[in-house]
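Here's the structure we're looking at; comments come further down.
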Amino acid sequence: MTFDELFLTNLKGIYFAERQVLKALPKMAKAAESAELKQALTEHRDGTQGQVERLQQVFEILGKRAQGVTCEAINGLIEEFTELVDEAREAGPVRDAGIIAAGQAIEHYEIARYGTLVAWAKSSGRKDVAALLQATLDEEKKTDTLLNKLATGTVNMQAAQAA
Ligand SMILES: [Fe+2]
């Protein structure tokens, strides 16, 4: 396997992951009770659409067909969220705390993947590709920070006080 092939395999993995996240985010927003959390998830859904398009641009630059390969890691993280919503049943701060935890796990996964892809693109002298991926990496970090703020600012406290 060449470095280029390794890059492409990981690119296909994150492309699959982003499209799964795109489908999951509206469900997460729907399950959330906090208006701020709903809004954060809805906005990130729109941002994710842009991230998918950015990945398509990367495929195009590399002269490859935009194609995903199944990423079991993201499937597992999304499954965790689905189970949580089933188990928590009722909407409220406790379920919101769980939704944030699931959302942050997804963000951290994406941050790890994009961080690697940016580094690899730079090592291969692909500044154009690195810049596109860096833009998404910055958005994922921003979302993670926002979710963290929601959790530690209000949701966790409310969850701890919920009977
Ligand atoms: Fe994303």
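First listed ligand is number 1; within each ligand, the first listed atom is number 1. Numbers for residues simply follow the sequence, beginning at 1.
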| said: Looking at Gln67, I want to see if its CD is surrounded by more than 12 non-hydrogen atoms of other residues, nucleotides or ligands under 6.0 Å. | reply: yes

| request: Evaluate the side-chain hydrogen bond (donor to acceptor under 3.5 Å, both in side chains) criterion for residues Gln49 and Glu53: first the C-alpha distance (whole Å), next the side-chain angles of each, then the deciding distance (0.1 Å), finally the verdict. | output: CA-CA 6 Å; Gln49 180 65 52; Glu53 284 160 21; 3.2 Å; yes

| message | Using a strict cut-off of 2.8 Å, how many protein N/O/S atoms surround the Fe ion (ligand 1)? | response | 5

| query | Under 30°, 30 to 60°, or over 60°: which ring-plane class applies to Phe59 and Tyr15, parallel, tilted or perpendicular? | reply | perpendicular

| How far apart are the closest heavy atoms of Leu133 and Leu11, and which atoms are they? | CD2-CD1, 4.4 Å

| query | Distance only, no hydrogens: is a donor on one side chain within 3.5 Å (strictly under) of an acceptor on the other, for Glu79 and Asn75? | reply | no

| task | Going by the side-chain contact (heavy atoms from CB on, under 4.5 Å) test, name the single residue among Leu6, Thr2, Leu8 that passes it with Asp4. | result | Thr2

